[in-house]
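These notes are about the structure you will find just below.
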Amino acid sequence: MATILNGKEVAESLLDAVKKDVELLGKVKLAVLIWSGNSSGQIYVKNKEAACEKVGIESLRIDLADSVTQEEILAKIEELNGDSSVNGLIVQLPLPAHIDYPKILKTIDPRKDVDGFHAYNMGKMLLDKDFEDLAPCTPKGMIKMLEHYKIDVAGMDAVVIGKSNIVGKPMAMMLANRGATVTICHSKTKDVSRYTRDADLVVVAVGKAGFLKTDMVKKGAVILDVGINRVDGKVVGDVDFAEVEQVAAAISPVPGGVGPMTVAVLLANTVTAAKKQHNM
Ligand code: NAP
């Protein structure tokens, strides 16, 4: 039977450390901009607010109306960039269709970009693992989870399925930074299983329930499931968990795997940003 990579438990220990840092810093504030029409995002933001409260980080929520203009969002971001009481600043996606997200992202001060999506922080991450201080939260959370379970990826053949800017691409780079040999698969890959069948580690970030099946997995592989899908009112990942669990050496469940790590790393990044802003 596979080892279950319990992200909920690992996230708790990370949040304990974050709480201690917040006590040391005195005051830490995270600002979150969310479009009121973003229904799935409301749940994520509520989770983030609850986690902030748990560790003593003040959260500032800015609701954006349907009619909000590009200029209004940019002005708000400039205001938050200049507000020394705000340590971290994130924009919950999606935004209304008339908003130019890349322009919004470019305007966020990289020192407050605790999601790690700004080109400056993305670019820094390419240099080496020592430059991942404000790197994207989901891949960074998976790396922390692997470290917790003492799974050393150096020398592993790793396959990342999905090449989004927020998960797949940064995860591939973080694995390469640690000595894994990485293949990235995506919707144009001719035969994903050709790569996954020989992989020591598979990261699945596709957004399709049951995408990774047992015949695609090598016995003894490590499986990280990023997917969040709703099937018959239940939240499931991208992996056929019941079957793949039988052949994997270690596997992260959904829920309770990668998701809680993402939130914990967001708060850890906020503390990192606050420390830097205080020259600590
Ligand atoms: P995304 O931007 O939609 O990217 C999905 C990726 O999957 C794309 O690169 C796409 O390829 C690839 N893909 C789609 N169909 C494929 C197929 N048949 N074979 C191989 N690759 C295929 O999604 P995302 O933001 O990375 O998120 C992925 C999943 O993770 C979603 O379920 C999301 O909800 C979840 N998620 C979870 C967390 C968490 O904290 N647990 C955080 C973020 C996201 P192309 O690039 O070629 O289109």
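All ligand and atom numbering here is 1-based and tracks the order in the structure. Any value given below was found using the heavy atoms of this structure, including those in side chains, with hydrogens, waters and symmetry copies removed. Numbers for residues simply follow the sequence, beginning at 1.
- With rounding to the nearest 0.5 Å, the separation of CG in Asn121 from CG in Asp113 is 4.5 Å.
- Distance NZ/Lys48 to OG1/Thr270: 10.0 Å, rounded to 0.5 Å.
- Backbone and side-chain nitrogen or oxygen atoms of Ile228 are examined, and one is located within less than 3.5 angstrom of a nitrogen or oxygen of ligand 1.
- For atom 9 (O) of ligand 1, the nearest non-hydrogen atom from the set Lys163, Met171, Lys188 belongs to Lys163.
- Using a cut-off of 4.0 Å between Lys/Arg side-chain N and Asp/Glu carboxylate O, Glu71 and Lys76 are scored as not salt-bridged.
- The protein reaches atom 46 (O) of ligand 1 closely, with a heavy atom under 4.0 angstrom from it.
- The shell of residues lying under 4.0 angstrom from ligand 1, judged by heavy atoms, includes Gly227.
- Comparing Gly162, Ser164, Gly207 by heavy-atom distance to atom 23 (O) of ligand 1, the nearest is Ser164.
- In this structure, Lys106 places its NZ atom where only 12 or fewer heavy-atom neighbours from other residues, nucleotides or ligands lie under 6.0 Å away.
- Nearest protein heavy-atom contact of atom 3 (O) of ligand 1 is Val206 O, 4.5 Å.
- Atoms of ligand 1 lying under 4.0 Å from any heavy atom of His186, numbered from 1 in the order shown and given with element: 11 (O), 19 (N), 20 (C), 21 (N), 22 (C), 47 (O).
- The Ala205 neighbourhood of ligand 1 comprises atoms 5 (C), 6 (C), 7 (O), 28 (C), with distances under 4.0 Å to a heavy atom of that residue.
- For atom 15 (N) of ligand 1, the closest non-hydrogen atom of the protein is Lys208 NZ, 3.1 Å.
- One distance of note links CG of Leu126 with CE of Met174; it measures 10.0 Å at 0.5 Å rounding.
- Protein heavy atom nearest atom 42 (C) of ligand 1, with residue, atom name and distance: Thr138 OG1, 3.3 Å.
- Within 6.0 Å of CD on Glu78 lie more than 12 heavy atoms contributed by other residues, nucleotides or ligands.
- Listed by atom number, the atoms of ligand 1 under 4.0 Å from Ile166 heavy atoms are 25 (O).
- Within the 4.0 Å heavy-atom shell around ligand 1 one does not find Thr189.
- For ligand 1, the atoms sitting less than 4.0 Å from at least one non-hydrogen atom of Phe211 are 17 (C), 18 (N), 19 (N), 20 (C), numbered in the order shown with element in parentheses.
- Those atoms of ligand 1 that come under 4.0 Å of a heavy atom in Ile161, given as number and element, are 20 (C), 21 (N).
- Using a 4.0 Å cut-off between charged side-chain N and carboxylate O, Lys46 and Glu49 make no salt bridge.
- With distances taken over non-hydrogen atoms, the option nearest atom 40 (O) of ligand 1 out of Thr262, Val265, Asp191 is Thr262.
- Listed by atom number, the atoms of ligand 1 under 4.0 Å from Gly259 heavy atoms are 40 (O), 41 (N).
- For atom 44 (C) of ligand 1, the nearest non-hydrogen atom of the protein is Val167 CG2, 4.0 Å.
- In this structure, Val91 is a member of the same hydrophobic cluster as Leu74, with clusters built from ILVMFWY side-chain heavy atoms closer than 4.5 Å.
- Using a 4.5 Å heavy-atom cutoff, the side chains of Val153 and Met156 are in contact.
- At a 3.5 angstrom cut-off on N or O pairs, Tyr44 does not count as close to ligand 1.
- Annotation: atom 10 (C) of ligand 1 to nearest protein heavy atom, Ser187 N, 4.1 Å.
- Asp109 and Arg111 are joined by a salt bridge, as a carboxylate oxygen and a charged side-chain nitrogen come within less than 4.0 angstrom of each other.
- Under the 4.5 Å side-chain contact rule for hydrophobic residues, Leu212 and Met171 do not share a cluster.
- The shortest non-hydrogen separation linking Trp35 to Pro94 is CE3-O, 3.4 Å.
- Proximity of Val226 to ligand 1, defined as any heavy-atom pair under 4.0 Å, is shared by backbone and side chain alike.
- For Met261, the closest heavy-atom approach to ligand 1 does not fall below 4.0 Å.
- The CZ atom of Phe211 sits 8.0 Å away from atom OG1 of Thr196, with the distance rounded to the nearest 0.5 Å.
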